Amino acid sequence: MSDYRRITIASAGSHAGEPVEIAGWLYNLRKSGKIIFPLLRDGSGIIQGVCVKSQVPEQVFEDLKNLTQESSVIVRGKCRAEQRAPGGFEMDIESVQIVQRVPEETPYPITPKDHGTEFLFDHRHLHLRSRRQHAVLKVRHEVIKAIRDYFVTQSGQLYNEATAMAFGKTYCFGPTFRAEKSKTRRHLTEFWMVEPEMAYADLEDVKRVAEELIVFMTGRVLENRKTELATLERDVSKLEAIKGPFPRISYDEAVKILQGKGSEIQWGGDFGGTDETILTADQERPIMVDRFPSSFKAFYFQPAEDRDDVVLGVDVLAPEGYGEIIGGGQRIHDPELLLKRIEEHKLPKEAFDWYIDLRKYGTVPHAGFGMGIERCVAWICGLEHIRETIAFPRMLYTLRP
RNA sequence: UCCUCAGUAGCUCAAUGGUAGAGCAUUCGGCUGUUAACCGAAGGGUUGUAGGUUCGAGUCCUACCUGAGGAGCCA
């Protein structure tokens, strides 16, 4: 038994002919009298096993034949290339150790047939085991890793410390919680956001960094997650088209375009979900819309140089109707102006004393943005709903599991 | 909070106001290359809840509960 070396399914291809063991779960079982095809998964992948009655001890065949879905097992045997097997590799099973057999009285609830979203998300703790969800979360991981790598390559390990002190080029990456009553396919009450902030930077710098980041991120997913994108049946040509420069339009222009296409929007109003879809419908790249009316943007946005009814904010809208994935812009650096805006918005000045302080001691033009991870992953994977992009989505009225 | 749609077997769904059904899952039987395997059989139901109309309600009406995704609001 110790002759069998434990391997992952993902590495099975490089262990052809060796005695190996795989520790995992039964994904599905097809049997035909004297031959059995168990599908096994171990978290790294899925492999088909094969077991012929005449070639193994009777007990091995019986144990395998009676396994139930998602029973935990350790199987031993040898792997080889096999055209007829899904995935191209197959394991000839020689013995099996049942760790736990799922009892037939309480079968695994998620069967290989159709289920509705309500049922699946009530069983999210099990749903995560399925192939599709697995692929989505691997893409999510790649997106997160790309974001971290992007900022590391921008500044460098040691340089990063210097920039933080000298230039304040930093980023924050973590969960954000919002309690708005938004029940849509684009909203979660907990979502993850990366927020770079740069000193001595303006709106143009934000647009440049945002564009570079998106191109870098989609490039990395294409490079490292081809298999997962195939599992998700994602049209990769849509992602291959993501290259700079992205189209850039002003809010003024966007309103004119929308009105020309029948939208009800008036200058001064924010985009609705359908407006975002109209704007991106005929674009294969994300588009950048900037210079929004100050009326519906937060108090800290820097006004435009040439007019004071718009501010230097920018939204990046993903193609294919996925909506806003980035929002950001240039912040007010003038202490007098910031105070004025705080008063105009009737905000408690005391609560912002530290924020105002930043403008007293060596203030510089600075800018930054926030990018929503789940919306990016939903777009890259081509998903119908954002809730599939996080292991345990927190939504309005949804806390379990 | 408002609007729209939906709730029938463990799951996905059928059923002109007239005997509640199929596929999958489970159990039993068959099958040596299956690809969400297939073939045969069995078990499985207070049709979301409470009222109402009717000779008769899964179906029509009212209220409520639960869910979905839109609006508002937000990212």
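These figures come from a predicted structure and were not determined experimentally.
- Only the P atoms considered, B:rU62 is 45 Å distant from B:rG40, to the nearest whole Å.
- For the C1' atoms, the distance from B:rG29 to B:rU66 is 42 Å, rounded to whole Å.
- Within 4.0 Å (heavy atoms only), A:N28 reaches sugar-phosphate atoms of the nucleic acid but no base atom.
- For the residue pair A:R124 / A:H127, a side-chain donor-acceptor distance below 3.5 Å is found, with atom types taken as modelled.
- Shown here for A:R331 and A:F369, the closest heavy-atom pair between the two residues is NH2-N, 3.8 Å.
- Neither side chain, A:S11 nor A:S14, offers a donor N or O lying under 3.5 Å from an acceptor on the other.
- Minimum atom distance to the side chain of A:T184 is reached by B:rA71, of the listed B:rA71, B:rU32, B:rU26.
- Contact record, A:K297 with A:D315: NZ-OD1, 3.5 Å, taken as the closest heavy-atom pair.
- Checking B:rU26, B:rC31, B:rG33 against every side-chain atom of A:F37, the shortest atom distance belongs to B:rG33.
- The same atom, P, is picked in B:rG48 and in B:rG58; the two are 10 Å apart, to the nearest Å.
- When heavy atoms are screened at a 4.0 angstrom cut-off, A:Q69 is found touching no nucleic acid atom at all.
- Looking at which nucleotide of RNA chain B each of A:S32 and A:G116 is closest to, the 5′-most match is held by A:G116.
- Nucleic acid contact class of A:L188 (heavy atoms, under 4.0 Å, all strands): base.
- No engagement by A:T176 is indicated, since no non-hydrogen atom pair under 4.0 Å with the nucleic acid exists.
- Counting non-hydrogen atoms under 4.0 angstrom, A:F191 reaches a base of the nucleic acid.
- Defined by atom type and a distance below 3.5 Å, a donor-acceptor pair is present between the side-chain atoms of A:S263 and A:D275.
- Using atom P as the reference point in both B:rG56 and B:rA20, the two lie 16 Å apart (nearest Å).
- Rounded to the nearest Å, the gap between the C1' atom of B:rC5 and that of B:rG43 is 35 Å.
- Ranking B:rG69, B:rG33, B:rC74 by closeness to the A:H385 side chain, first place goes to B:rG69.
- Using a 3.5 Å distance cut-off with no hydrogens or angles, the side chains of A:H115 and A:T111 do pair a donor with an acceptor.
- Secondary-structure annotation of RNA chain B gives the stems B:1-7 with B:65-71, B:10-13 with B:21-24, B:26-30 with B:38-42, B:48-52 with B:60-64, with a stem taken as at least 3 successive Watson-Crick or G-U pairs whose two distances both fall under 3.5 Å.
- Comparing the same atom, P, in B:rA22 and in B:rC64 gives a spacing of 37 Å after rounding to whole Å.
- Applying the 6.0 Å contact sphere to CD of A:E336 captures no more than 12 heavy atoms from other residues, nucleotides or ligands.
- Across B:rU27, B:rA75, B:rG10, the shortest atom-to-atom separation from the side chain of A:R375 is found for B:rA75.
- Proximity of A:R387 to the phosphate of B:rG69: a side-chain N or O atom is located under 4.0 Å from OP1 or OP2.
- Comparing the same atom, P, in B:rA15 and in B:rU8 gives a spacing of 14 Å after rounding to whole Å.
- Base engagement by A:E90 is indicated by at least one non-hydrogen atom pair under 4.0 Å involving a base atom.
- Listed nucleotides: B:rG33, B:rC31, B:rG10. Nearest to the side chain of A:T111: B:rG10.
- At a threshold of 4.0 angstrom between heavy atoms, the contacts of A:G372 with the nucleic acid are absent.
- In this structure, A:P86 reaches the bases: a heavy-atom distance under 4.0 Å links it to at least one base atom across the strands shown.
- Between the side chains of A:Y27 and A:Q69, not a single donor N or O lies within less than 3.5 Å of an accepting N or O.
- Nucleic acid contact for A:F119: sugar-phosphate only, since backbone atoms but no base atoms lie under 4.0 Å from a heavy atom of the residue.
- For the P atoms, the distance from B:rA57 to B:rA14 is 23 Å, rounded to whole Å.
- If you check B:rU34, B:rU32, B:rG10 against the side chain of A:K34, the one that comes closest is B:rU32.
- Out of B:rA75, B:rU12, B:rG33, the shortest distance to the side chain of A:H187 is found at B:rA75.
- You'll find the ring centres of A:F299 and A:F352 inside the 6.0 Å limit.
- Note on A:K31: a base of the nucleic acid sits closer than 4.0 angstrom, heavy atoms only.
- With B:rU34, B:rU12, B:rA25 as the choices, the nucleotide that has an atom nearest any side-chain atom of A:R30 turns out to be B:rU34.
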